[in-house]
There are 2 protein chains.
Amino acid sequence: MENQNISDIIESYLKQILAESQQVEIRRAEIASQFNVVPSQINYVIKTRFTIQDGYVVQSKRGGGGYIRIEKVKLLDNLDFIDSLVAAVGDQISRHDSLSVVRSLFEAGAINRSEANIILAAINKDAINTGDRQVDEQIRAQILISILNHLRYES
Amino acid sequence: MENQNISDIIESYLKQILAESQQVEIRRAEIASQFNVVPSQINYVIKTRFTIQDGYVVQSKRGGGGYIRIEKVKLLDNLDFIDSLVAAVGDQISRHDSLSVVRSLFEAGAINRSEANIILAAINKDAINTGDRQVDEQIRAQILISILNHLRYES
DNA sequence: ATAATATTAGTCAACATTAGTCAAGAACAC
DNA sequence: GTGTTCTTGACTAATGTTGACTAATATTAT
């Protein structure tokens with residue numbers, strides 16, 4: 001309690017609002033000024049304390065009228081399962097192995113058949129083909145992880 | 001909630017009319033004056049928020065009695081709907097424009113909400129981020145086209 | 001008819017206003 | 001001392017706003 005750094009204090013401030021509201025929308029510069037820190041510190045706080053694993057989804061817009069919006073989402077009860085698939089995907093994944101991941105999701109009931117087919121269309125050879133096999137495997141991994149993270153919560 | 005920019009406000013105004021009417025016809029200078037902006041801002045709003053990917057067709061006429069007419073088009077009436085989206089995607093596509101494509105698919109009934117969200121997860125910034133923007137836009141285009149082709153034969 | 005003028009909308013580039021990234025250094029925990 | 005976390009700011013990117021200039025069309029004068 002005593003030795004809270006400024007990031008912790010900003011985190012508490014935002015979570016206090018989120019305790020009463022489903023979401024909070026801020027202007028980055030305004031909050032930074034309010035707590036007397038540089039604007040990019042707000043990004044740091046969000047990146048380290050409002051992740052999808054914590055149950056938050058963050059959206060933002062630049063330019064005039066820009067904002068950062070943090071939304072509290074309802075996490076599903078398949079988190080351990082998703083974690084294990086994220087670990088299995090890793091930094092890169094072959095096409096063959098990625099099929100297993102999609103099949104696991106389908107068999108677990110996390111996605112239905114047509115959702116599975118869309119994911120397969122997104123990661124097949126037509127979709128990802130840079131000419132460098134390793135790059136392709138990295139991109140495929142990132143896409144799968146992004147989708148897996150999406151499947152963590154109710155939307 | 002708080003600080004909407006004027007472009008968003010003008011967009012809302014026009015879409016409110018379009019919610020009750022198939023089309024809206026305006027005089028550029030009149031709307032600009034009504035919202036206290038320069039006339040060219042109306043062009044900006046239309047160019048960024050009423051594209052064909054969004055499901056709108058815009059016609060205009062200059063000179064005396066000139067107008068800008070925005071018409072909401074029913075995409076499903078067009079049998080070449082998927083073809084037109086494939087053409088709109090092209091060799092590369094920005095994240096912003098790709099959102100419009102997915103929204104069009106949803107509004108046309110080609111995909112449901114959870115399918116749309118999966119596609120968005122597959123093409124967002126976390127998923128596709130090689131460090132080279134042009135490469136990212138090319139990959140995003142290939143993924144979208146792969147999905148569009150899948151949807152073509154699915155339905 | 002034709003030319004001149006008036007009345008609209010379109011384009012484009014400069015500038016303004018936001019947020020994001022990244023890497024260096026400081027502070028902290030062990 | 002070493003490794004992690006926090007803090008900072010320079011640089012980048014996305015989006016919005018403005019106005020000078022251009023283009024198209026209609027109206028009026030000859």
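Below, all heavy atoms of this structure are taken into account, side chains as well, without hydrogens, waters or symmetry copies. By convention in this document, chain letters (A, B, ...) are assigned in the order of the sequence lines, proteins followed by strands, and residues within each chain are numbered from 1.
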If you round to the nearest 0.5 Å, how far is CG of A:L99 from CG of A:L120? 6.0 Å
Which residue pairs pass the salt bridge (charged side-chain N to carboxylate O under 4.0 Å, His left out) test when at least one of the two sits in residues 23-48 of chain B, sequence neighbours left out? B:E25-B:R69, B:R27-B:E30
When you measure from the side chain of B:I68, which nucleotide among D:dT15, C:dA9, D:dT7 comes out closest? C:dA9
Roughly, in whole Å, what's the span from CG in B:D8 to C1' in D:dT17? 13 Å
With a cutoff of under 4.5 Å between side-chain heavy atoms, which Ile, Leu, Val, Met, Phe, Trp and Tyr residues group with A:Y67? none
Can you tell me the distance, in whole Å, between the CG atom of B:D132 and the C1' atom of D:dA13? 15 Å
Got a sec, which pairs hit salt bridge (charged side-chain N to carboxylate O under 4.0 Å, His left out) with one end in residues 52-68 of chain A, sequence neighbours left out? A:K61-B:D8
Can you find a donor-acceptor N/O pair under 3.5 angstrom joining the side chain of A:R28 to the base of C:dG20? yes
Assign each of B:N129 and B:R62 the nucleotide of DNA chain C bearing its closest heavy atom; nearer the 5' end lies the nucleotide of B:R62
Output the rounded distance in Å from CG (A:N5) to C1' (C:dC28). 10 Å
Check salt bridge (Lys or Arg N to Asp or Glu O under 4.0 Å) between A:E11 and all other residues, then give those that pass, not counting sequence neighbours. A:K15, A:R49
B:D136 has an atom CG; how far is it from atom C1' of C:dT21, in whole Å? 14 Å
Does the side chain of B:K125 get closer than 4.0 angstrom to OP1 or OP2 of C:dT21 through an N or O atom? yes
DNA chain D contacts among residues 52-60 of chain A, heavy-atom distance under 4.0 Å: none
Could you go through nucleotides 2-4 of chain D and list every protein N or O atom that sits under 3.5 Å from one of its N or O atoms, giving the distance for each pair?
none

Separation of A:N117 CG from B:L151 CG (nearest 0.5 Å): 10.0 Å
Where at least one partner belongs to residues 83-112 of chain A, residue pairs that pass salt bridge (charged side-chain N to carboxylate O under 4.0 Å, His left out), sequence neighbours excluded: A:D83-A:R152
Report the nucleotide, chosen from C:dA9, D:dT17, D:dA14, that has the shortest atom-to-atom distance to any side-chain atom of B:R27. C:dA9
Under-4.0 Å side-chain N/O to phosphate OP1/OP2 contact, A:K61 with C:dG20: no
Polar atoms only, N or O, under 3.5 Å: list the protein pairs with nucleotides 27-29 of chain D and their distances.
none

Hydrophobic clustering (ILVMFWY, side-chain heavy atoms < 4.5 Å, transitive) - are A:I52 and A:I145 grouped together? no
Evaluate salt bridge (charged side-chain N to carboxylate O under 4.0 Å, His left out) for B:E137 paired with B:R133, printing each intermediate quantity in order. CA-CA 6 Å; B:E137 296 201 347; B:R133 185 194 328 201; 5.4 Å; no
Interatomic distance, B:L99 CG vs D:dT15 C1' [rounded to whole Å]: 14 Å
5'-most contact on DNA chain D (nearest-nucleotide basis), B:S7 vs B:G63, goes to B:S7
Value in whole Å for how far the C1' atom of C:dT18 lies from CD of B:Q4: 15 Å
For residues 35-51 of chain B, which residues have at least one heavy atom under 4.0 Å from DNA chain C? B:S40, B:N43
Can you measure from CD (A:E154) to CG (A:L75) and round to the nearest 0.5 angstrom? 10.0 Å
Co-members of B:I46 in a cluster of I, L, V, M, F, W and Y side chains, linked at under 4.5 Å: B:I6, B:I9, B:I10, B:Y13, B:L14, B:I17, B:L18, B:V24, B:I26, B:I31, B:F35, B:V37, B:I42, B:V45, B:F50, B:Y56, B:V58, B:I68, B:I70
With ILVMFWY side chains joined below 4.5 Å, transitively, what does B:Y44's cluster contain besides itself? none
Counting N and O atoms only, with roles assigned by atom type, does the side chain of B:Q41 sit under 3.5 Å from a partner on the main chain of B:V38, one being a donor and the other an acceptor? no
Among D:dT15, C:dT18, C:dA9, the nucleotide that comes nearest once only the side chain of B:H96 is considered: D:dT15
Using only atom types and a distance under 3.5 Å, with no angle test, would you say the side chain of B:S146 pairs donor to acceptor with the backbone of B:Q142? no
What residue pairs, at least two apart or across chains, pass ring pair (Phe, Tyr, Trp, His ring centres under 6.0 Å) with a residue in residues 71-98 of chain A? none
Just how far, in rounded Å, is P of D:dT15 from OH of A:Y67? 10 Å
Let me know the distance between CD of A:E25 and C1' of C:dT18, rounded to the nearest Å. 13 Å
